[in-house]
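A short worksheet on the structure shown next.
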Amino acid sequence: MTTFWGQSDPSGNGKFSLGTEHNVLRFKDFLKKHPGIRLKIDPYTPESREQRGFFEGAVIPFITYFQENLDYTDSDHLKRVRDWLMIEFNASFLKVGGKSLKVPKSSKGELNRGLLERIMDWSGEQGYPIELLNPEDYKTWNDTTRQDGGPRMYIEYLESIGKLHRP
């Protein structure tokens, strides 16, 4: 599958850009090689730094918090849970020695393509209080409470205000 990335003009004048001249030439060459082809344009919003921060700083520790024998403050435990989530919710298959193995894909660009929703849905199915995973509350904690010397982790903040209790 060939992918071309472009962007509509932010001024709202109805124009579309493929970016560099190189990309324009690639696209024209593609069209010449595939006369009459129908194309589908899918809107895509890149993930934000804030979205990534919420995922790594709230969602991963939150899920780790509810796992037996795992510590949400231990970076190795966080990595293990993150890796497991990528295998469970964002994987591809690799054939090695005649066996198909499920391997994690990168989460880059996948958070707003349904990865975050799939993980949140699963968390809710497990009975975790996902209503506590509110991006606005996380932002408030990260931008103010934490900066003012409050709890260093979002989970600790939720515990300190009485919203989260050890299972």
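Predicted model, so just to flag it, every value in this text is computed and none were measured.
Looking at Q147, its side chain does come within 3.5 Å of a backbone N or O of N142 through a donor-acceptor pair. In this structure, D9 contributes its side chain and S11 its backbone to a donor-acceptor pair below 3.5 Å.
Taking the salt bridge (charged side-chain N to carboxylate O under 4.0 Å, His left out) definition, one finds that D76 meets it with nothing, sequence neighbours left out. With sequence neighbours left out, Y138 forms a ring-ring contact (aromatic ring centres under 6.0 Å, His included) with F54, W141, Y154. Every side chain to side chain contact (heavy atoms under 4.5 Å, CB included) that D29 has, sequence neighbours left out, goes to K33.
Counting heavy atoms from C-beta on, the side chains of Y65 and E159 come closer than 4.5 Å. With contacts defined as side-chain heavy-atom distances shorter than 4.5 Å, the pair L31/L39 qualifies. For the pair I130/W122, no side-chain contact is recorded, criterion being any heavy-atom separation below 4.5 Å from C-beta on. Put simply, the side chain of T145 reaches to within 4.5 Å of the side chain of Y157, judged on heavy atoms.
Evaluation of the salt bridge (charged side-chain N to carboxylate O under 4.0 Å, His left out) test over residues 59-74, restricted to residues two or more places apart or in two chains, returns none. Residue pairs meeting the side chain to side chain donor-acceptor pair (under 3.5 Å) criterion with at least one partner in residues 123-136, sequence neighbours excluded, are Q67-Y128.
To the nearest 0.5 Å, atoms CG (L158) and CG (D137) are separated by 8.0 Å. The CZ atom of R118 sits 9.5 Å away from the CG atom of L116 when rounded to the nearest 0.5 Å. Summarising the geometry, atom CZ belonging to R152 is positioned 10.0 Å from atom CZ belonging to R146; distances are rounded to the nearest 0.5 Å. Here the CG atom belonging to L132 is positioned 5.5 Å from the CZ atom belonging to F62, to the nearest 0.5 angstrom. Summarising the geometry, atom CD belonging to Q7 is positioned 11.0 Å from atom CG belonging to L18; distances are rounded to the nearest 0.5 Å.
Closest approach of K108 and E47 over heavy atoms only: C-OE1, 4.1 Å.
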Only distances under 3.5 Å count here; give the side-chain donor-acceptor pairs of residues 79-101 to other protein atoms, sequence neighbours excluded, each with its distance to 0.1 Å.
residue: K79; atom: NZ; partner: D83; partner atom: OD2; Å: 2.7
residue: R82; atom: NE; partner: E56; partner atom: OE1; Å: 3.2
residue: R82; atom: NE; partner: E56; partner atom: OE2; Å: 2.9
residue: R82; atom: NH2; partner: E56; partner atom: OE2; Å: 2.9
residue: R82; atom: NH2; partner: S107; partner atom: OG; Å: 2.8
residue: N90; atom: ND2; partner: K105; partner atom: O; Å: 3.3
residue: N90; atom: ND2; partner: S106; partner atom: O; Å: 3.0

Can you check side-chain contact (heavy atoms from CB on, under 4.5 Å) on I119 and F55, steps first, answer last?
-> CA-CA 10 Å; I119 291 171; F55 179 66; 3.8 Å; yes
